Protein chains: 2
Amino acid sequence: MKIGELAKATGTQVETIRYYEREGLLPETSRTDGNYRIYGEAHAQRLSFIRHCRSLDMTLDEIRVLLRFKDAPTENCGEVNALLDEHIGHVAARIRELRSLERQLKGLRDLCQEARDAAHCGILNELARQGSEGGSSAAGHVHGAHGRSVERKSINDKRK
Amino acid sequence: MKIGELAKATGTQVETIRYYEREGLLPETSRTDGNYRIYGEAHAQRLSFIRHCRSLDMTLDEIRVLLRFKDAPTENCGEVNALLDEHIGHVAARIRELRSLERQLKGLRDLCQEARDAAHCGILNELARQGSEGGSSAAGHVHGAHGRSVERKSINDKRK
DNA sequence: CTTGACTCTTTAGTTGCTACAGGGTTTCTA
DNA sequence: TAGAAACCCTGTAGCAACTAAAGAGTCAAG
């Protein structure tokens, strides 16, 4: 099948499929005379696997690990279990962070019940207060389920 | 004070400060003869405000709205309340999504209790199964507290 | 006067795609 | 059989909110 059919079959966008190929998650396929990619059932299954993992919010790096195991079926799958445990840990941590965030936001919201002039708005005044670092999760603000991986990397000591 | 001192005073990175200036969140400052930016107390307070908002996971666009109100103290702050309510809604929605995700992941994890060969790993086999779309949140996977704004935009019908 | 710490601008990288430009190919229809 | 519509190709740029690094200038201390 051609890329558009694979896209329809798996509910994926065509550009995403080409992106996965560039990223090495899908193998390079053979081509028709007109340079069109052609896919078989195995490709569709592999892509479904990837999309399923993505729907569980795994990163492409995590998915790469899982694909390595799928490609080597005699390997011991202990690492798969570990990866999933770690991923669950990420998600649980994020939920905790967001719950703390929700509490803070609700507390903030309570500071201004009725609309008045901005100079006396309890919300704006509270947000202007200094030294609010000691919240709960010192790590900072929250992005994906894969919290701080990028930031951590950047915190690599560069001062000598 | 110079940019490095401001950075230290507010716990912000120097590059981030310059980035905020480019983005219009901080005003362009006056400069020394040597073309160094110089900041005063007002800048430090504004930057603290921004960082405080960011620690509450607001987007820069949301913060821009709040800053508009801080800069116009006679305006009615009703929109501030609305913005915060909406933000709280985002966060609550994300928590719900992540909880559902956590349940799915734990269910998946239960499928492989002991490490064995990958071909018989319940996790890998389940992930390979087709048609897993009907999860719980049909929107797809989860990114920030500001869920799908980008994706939504891209779903703009382009077919005529 | 030189070393080192600081600052400047500009550019590219991060993640996981998405969208576009500017082509070529295939397929359908008149 | 021509021409249009629908598909496909590569390559590049954009999103958010920064971070990092290159290459150069400025300033304070020893």
Side-chain angles (χ1 to χ4, degrees), chain A residues 1-8 11-26 28-29 31-39 47 50-51 53-64 140-160, chain B residues 1-8 12-26 28-29 31-39 47 50-51 53-55 57-64 140-160:
Chain A
M1 60 186 142
K2 286 186 290 183
I3 198 168
E5 304 170 69
L6 177 64
K8 208 159 291 176
T12 312
Q13 294 213 213
V14 167
E15 292 95 339
T16 304
I17 297 173
R18 287 196 281 248
Y19 171 72
Y20 286 163
E21 182 184 309
R22 273 202 305 283
E23 288 295 306
L25 295 168
L26 291 173
E28 299 192 15
T29 66
R31 304 284 184 117
T32 66
D33 288 352
N35 200 31
Y36 286 12
R37 290 169 180 84
I38 40 183
Y39 296 96
L47 180 53
I50 295 168
R51 297 304 289 175
C53 292
R54 284 295 297 138
S55 80
L56 296 175
D57 204 30
M58 294 178 194
T59 64
L60 297 190
D61 268 346
E62 287 172 329
I63 297 170
R64 258 182 273 266
H141 43 82
V142 174
H143 276 124
H146 299 277
R148 249 123 306 291
S149 58
V150 179
E151 280 107 315
R152 279 270 180 271
K153 214 179 298 173
S154 75
I155 287 176
N156 276 344
D157 52 345
K158 69 125 158 258
R159 54 179 65 195
K160 165 53 189 317
Chain B
M1 60 185 141
K2 286 186 288 182
I3 198 168
E5 304 171 68
L6 178 64
K8 207 159 291 177
T12 312
Q13 292 211 216
V14 167
E15 293 94 339
T16 304
I17 296 174
R18 287 194 282 246
Y19 171 72
Y20 287 162
E21 181 185 309
R22 275 201 305 283
E23 289 295 305
L25 295 168
L26 292 174
E28 299 193 14
T29 66
R31 303 284 184 116
T32 67
D33 288 350
N35 199 32
Y36 286 12
R37 292 170 179 83
I38 40 183
Y39 298 95
L47 180 54
I50 295 169
R51 296 305 289 175
C53 291
R54 285 294 298 138
S55 81
D57 205 29
M58 296 179 193
T59 64
L60 297 190
D61 268 345
E62 288 172 328
I63 297 170
R64 259 181 273 267
H141 42 83
V142 174
H143 275 124
H146 300 276
R148 250 122 306 293
S149 57
V150 179
E151 280 106 317
R152 280 269 179 271
K153 212 178 299 174
S154 76
I155 287 178
N156 277 341
D157 51 346
K158 70 121 160 260
R159 53 178 65 194
K160 169 54 186 319

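Letters go in sequence order (proteins before strands), and every chain restarts at 1. Remember, it's a predicted structure, so these values are computed and weren't measured experimentally.
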Quick check on DNA chain C: between A:Tyr20 and A:Gly34, whose nearest nucleotide comes earlier from the 5' end?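 Nearest nucleotide further toward 5': that of A:Tyr20.
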Heavy-atom nearest nucleotide on DNA chain C for B:Glu5 versus A:Arg64: which residue maps closer to 5'?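 It is B:Glu5 whose nearest nucleotide is closer to the 5' end.
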5'-most by nearest nucleotide on DNA chain D - B:Arg18 or B:Asp61: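 Residue closer to the 5' terminus by nearest nucleotide: B:Asp61.
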With the side chain of A:Tyr19 defined as its heavy atoms from C-beta on, choose the nearest nucleotide among D:dA20, C:dG16, C:dT27.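 The nucleotide sitting nearest to the side chain is C:dG16.
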Please pick, from C:dT18, C:dT26, C:dG16, the nucleotide with the shortest atom-to-atom distance to any side-chain atom of A:Gln13.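 So the nucleotide nearest the side chain must be C:dT18.
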Side-chain ion pair, A:Arg37 and A:Glu21, N-O less than 4.0 Å: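 A salt bridge is present here (some side-chain N lies under 4.0 Å from a carboxylate O).
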Using a cut-off of less than 4.0 Å, is there contact between a side-chain N or O of [X] and OP1 or OP2 of [N]?
X	N	result
B:Arg31	D:dT26	no
A:Thr16	C:dT18	yes
A:Arg22	C:dT15	no
A:Arg54	C:dC17	yes

Just checking, is any N or O donor in the side chain of A:Tyr20 or A:Arg54 under 3.5 Å from an acceptor N or O on the other one?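 The criterion, which ignores hydrogens and geometry beyond distance, is not satisfied for A:Arg54 and A:Tyr20.
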Considering every strand and a 4.0 Å limit on heavy-atom distances, what is the contact class for A:Arg37: base, sugar-phosphate, or nothing?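 Sugar-phosphate only.
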Atom of A:Val14, atom of A:Gly4 and distance for their closest heavy-atom approach: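 For A:Val14 and A:Gly4, the tightest heavy-atom pair comes out as CG2-CA, 4.1 Å.
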